[in-house]
Amino acid sequence: MLNGCGSNSDSSNASNPIVSTNLGMVQGVQRNGVNEYRGIPYAQPLSASDRWTLAKPVKPWNGTLNATNFGSACPQQARFGLTEESLNEDCLTLNITSPINIGEDERLPVMIWIPGGGFVGGSSNLYRLDKLANEGRIIVVSANYRVGALGFMAHPSVADGWNGNLGLEDQRLAFQWVKDNIDAFKGDSSKITIAGESAGSASTCLHVLSKSKVEGLFQQALALSYNCLYEWPKLADSLAGSNLSIDGSTTPVFERMSSKLGCNRGNQVGSSTELSCMRNKPLKDVLEAQGQVADEVPVFPFAPVIASGGNGTLPIADWTASAIKTNLYKVPMLYGGAKDELRLYVGYDVLVEMSREPSFNPNTLTTNNAFVFGDLTANPPTLGQFDKYYALASFSWYGKFQAITDEYQLASAPFTADTLGSIFSDYTPVVGLNNCSYLRTAQAFSDVMPLYQWEFADPDALVLGVGIPKGQDPKMALGPVHSSALNYIFPNLSNTSAIDAPNLPAASQRLSNKMVQSWANFVKSGSPETTEISGWPRFNQASNDKRVMLFKPNEIALYNANDAHRCDFWNTLDSKLNPLSLN
């Protein structure tokens, strides 16, 4: 990665800017009207022997670091026909994008972007940061972190302090790198906002809930599309095998991995010998085992865990009001999600059904269709009868099928796959991708810290060829689904390293421009208001009507998200939606 230039040389010019950091010289490149520095290591190189160990801060380098190209994505399988495989364990790098003309004494606020990917995929090399940096006039950083089994698999022989949470520890190491070095790029190390979507949002939330571990590393937070109060399991429960599985067994994830890799011989299950065996397996074998486990345990087989004693990476010991209040880092927060998050995953299910039965029609579902939920009142199905788990979780777990049917008038209105996706987007208890949970988080956090709530709702959002693989179409309404808002902040995001999604339609592009300014203003000031978006108050749980800013083309206005998503109704079915007071 070094080009051999001496540390005292400076060949910087308009097209290849060079910055002198605490660690050494960094040469970037000018693209799309900004300066970009890509693939900067923030940790020492990782190899197979480093699996399930903490990453170490990068050491200073000699010469000039060539930072003109992205580093490798962290190890992962290709998913959904979209994201790409990576087989490189040396992956802990970050990228920095800054406006070109920053004054000599000027320091710009900083946003650190944490990529999403369900904790099993994703990479910083999927995002163009130039629009947000240039038009928002801020510095934008994106960082890789370990995912899947290598980043989020708990094991009995690993120290409790960070067991199962290596990916979060990687993120914090990147935060520290930025705090220590961003001044060299003319960033303000005292004005850092962490931000993310999906698993990146969940990560952001968990950092906000870990005051003793992160205080001073950032000053604001932006979380898009995950419930901050989602109850991640305790470490002890994860090691005991409490994950919801298709086969109904409680075999822990680490033991499933070990078995598939041939490392659970004799009495070594859960031992350091077992872990060493997994370290010695080829990376491709580890990823294949990971994929097989994900098929068996569809609800976050690899994801964060909270420490049983309330220490380590995540100091929160449980999900009570008192534990949340004690550990909450009270920083300004911009929080929200997409109107129809889970239509995307229903769309994946429809594609599976179409592959099995070409005549399957997502616009003529019935309440007895096995794809949806069958006759749950008379004969509850097993999880194994479903390609995905949202229907079972949202309906049969409650035993309130008739109440849901009546509330949504399913018996009298045409019942379609997009209707189903919208219902799940209102509420489902299994995953934190639902709007009623977002509102509950906003209600709780706004008790004690500034919080602004918003919702992405562009019906013309690009999904086909972006969130849905190119050449596939579930033939259902999609619109503002999970991750579709990202194209509005990061141009041409395609979920591939090609970054080749089509440009947004004209009205959507105008919305994009306003969203970028809103995000940038929040990073700068702690408020998302702009000259065009005014009258956006802090969220206040005492106000029961218009308190969420709705973002649609030609319509950015406050609206009543609680009523729109029928949260009062869902609250009657699940006590997890009860208000949580942190006062």
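Predicted model only: the values in this text are computed from it and were never measured.
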Any side-chain donor paired with an acceptor under 3.5 Å for [X] and [Y]?
{"X": "Ser142", "Y": "Asn95", "answer": "yes"}
{"X": "Gln517", "Y": "Asn513", "answer": "no"}
{"X": "Asn578", "Y": "Ser575", "answer": "no"}
{"X": "Asn487", "Y": "Asn492", "answer": "no"}
{"X": "Ser72", "Y": "Ser86", "answer": "yes"}
{"X": "Ser201", "Y": "Thr204", "answer": "no"}

Under the ring-ring contact (aromatic ring centres under 6.0 Å, His included) rule, collect the residues that match up with [X], sequence neighbours excluded.
{"X": "Phe119", "answer": "Phe152, Trp232"}
{"X": "Phe456", "answer": "Tyr488"}
{"X": "Phe254", "answer": "His155"}

Going by side chain to side chain donor-acceptor pair (under 3.5 Å), name the residues that satisfy it together with [X], two or more places apart in sequence or in a different chain.
{"X": "Asn435", "result": "none"}
{"X": "Tyr145", "result": "none"}
{"X": "Gln453", "result": "none"}
{"X": "Glu455", "result": "Tyr559, His565"}

(message) Applying side chain to side chain contact (heavy atoms under 4.5 Å, CB included), can you list everything that pairs with Asp130, at least two apart in sequence or on another chain?
(response)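 For Asp130 the side chain to side chain contact (heavy atoms under 4.5 Å, CB included) partners, ignoring immediate neighbours, are Asn32, Val34, Glu36, Arg128.
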(message) I'd like to check the side chain to side chain contact (heavy atoms under 4.5 Å, CB included) partners of Gln472; sequence neighbours left out, ordered by chain and number.
(response)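 Result, side chain to side chain contact (heavy atoms under 4.5 Å, CB included) vs Gln472: Leu351, Ile468, Pro469.
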(request) Using side chain to side chain donor-acceptor pair (under 3.5 Å) as the criterion, point out the one residue from Ser422, Ser425, Ser484 that pairs with Arg343. (result)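 Only match with Arg343 under side chain to side chain donor-acceptor pair (under 3.5 Å): Ser422.
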(request) Go through the steps for Leu314 and Leu209 under the test side chain to side chain contact (heavy atoms under 4.5 Å, CB included), then give the verdict. (result) CA-CA 8 Å; Leu314 299 176; Leu209 284 163; over 6 Å; no
Got a second to check how far [X]'s [atom1] is from [Y]'s [atom2], nearest 0.5 Å?
{"X": "Asn571", "Y": "Lys576", "atom1": "CG", "atom2": "NZ", "result": "13.5 Å"}
{"X": "Leu235", "Y": "Asn165", "atom1": "CG", "atom2": "CG", "result": "8.0 Å"}
{"X": "Ile423", "Y": "Asp340", "atom1": "CD1", "atom2": "CG", "result": "11.0 Å"}
{"X": "His482", "Y": "Tyr345", "atom1": "NE2", "atom2": "OH", "result": "4.0 Å"}
{"X": "Ser483", "Y": "Leu493", "atom1": "OG", "atom2": "CG", "result": "7.5 Å"}
{"X": "Arg79", "Y": "Tyr348", "atom1": "CZ", "atom2": "OH", "result": "8.0 Å"}

Mind listing the closest non-hydrogen atom pair of [X] and [Y] along with its distance?
{"X": "Ser198", "Y": "Gly116", "answer": "CB-CA, 4.4 Å"}
{"X": "Gly148", "Y": "Gln290", "answer": "CA-OE1, 3.6 Å"}
{"X": "Met257", "Y": "Val286", "answer": "CE-O, 3.7 Å"}
{"X": "Ala564", "Y": "Asp426", "answer": "O-OD1, 4.4 Å"}
{"X": "Ala321", "Y": "Ser581", "answer": "CB-O, 3.7 Å"}
{"X": "Lys552", "Y": "Leu511", "answer": "O-CD1, 3.7 Å"}

(request) May I have the step-by-step check of side chain to side chain contact (heavy atoms under 4.5 Å, CB included) for Asn554 and Arg510, ending in yes or no? (result) CA-CA 8 Å; Asn554 307 315; Arg510 290 192 293 271; 4.1 Å; yes
Checking [X] side chain against [Y] main chain: does a donor-acceptor pair fall under 3.5 Å?
{"X": "Ser259", "Y": "Arg256", "answer": "no"}
{"X": "Gln443", "Y": "Pro579", "answer": "no"}
{"X": "Gln76", "Y": "Gly122", "answer": "yes"}
{"X": "Asn560", "Y": "Asp563", "answer": "yes"}
{"X": "Ser123", "Y": "Leu126", "answer": "no"}
{"X": "Arg538", "Y": "Ser446", "answer": "no"}
{"X": "Asn434", "Y": "Ser437", "answer": "yes"}
{"X": "Asn495", "Y": "Val466", "answer": "yes"}
{"X": "Arg547", "Y": "Asn562", "answer": "no"}
{"X": "Asp458", "Y": "Pro480", "answer": "no"}

(request) Please lay out, stage by stage, how Thr313 and Ser210 fare under the test side chain to side chain contact (heavy atoms under 4.5 Å, CB included). (result) CA-CA 8 Å; Thr313 304; Ser210 302; over 6 Å; no
(request) Can you sort out the partners of Asp460 under salt bridge (Lys or Arg N to Asp or Glu O under 4.0 Å), two or more places apart, ordered by chain and number? (result)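 Asp460 satisfies salt bridge (Lys or Arg N to Asp or Glu O under 4.0 Å) with no other residue.
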(request) Please name all residues satisfying salt bridge (Lys or Arg N to Asp or Glu O under 4.0 Å) with Arg146, sequence neighbours left out, ordered by chain then number. (result)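 With sequence neighbours excluded, Arg146 shows a salt bridge (Lys or Arg N to Asp or Glu O under 4.0 Å) to Asp170, given in chain and number order.
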Residue pair [X] / [Y], side-chain heavy-atom distance below 4.5 Å:
{"X": "Asp418", "Y": "Leu478", "result": "no"}
{"X": "Leu486", "Y": "Tyr127", "result": "yes"}
{"X": "Ile194", "Y": "Leu222", "result": "no"}
{"X": "Asn88", "Y": "Cys91", "result": "no"}
{"X": "Ser124", "Y": "Pro115", "result": "yes"}
{"X": "Tyr335", "Y": "Phe445", "result": "no"}
{"X": "Trp454", "Y": "Leu558", "result": "no"}
{"X": "Trp536", "Y": "Ser518", "result": "yes"}

(request) May I ask you to say whether Asp500 pairs ionically with Lys470, meaning some side-chain N is under 4.0 Å from a carboxylate O? (result)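 So Asp500 pairs with Lys470 through a salt bridge.
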(message) Between Lys260 and Glu296, does any side-chain N to carboxylate O distance fall below 4.0 Å?
(response)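 Counted as a salt bridge, because a side-chain N and a carboxylate O are separated by less than 4.0 Å.
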(request) Quick one: which residue pairs count as a salt bridge (charged side-chain N to carboxylate O under 4.0 Å, His left out) with a foot in residues 472-484, not counting sequence neighbours? (result)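 For residues 472-484, and leaving out neighbouring residues, the salt bridge (charged side-chain N to carboxylate O under 4.0 Å, His left out) pairs sorted by first residue read Asp473-Lys475.
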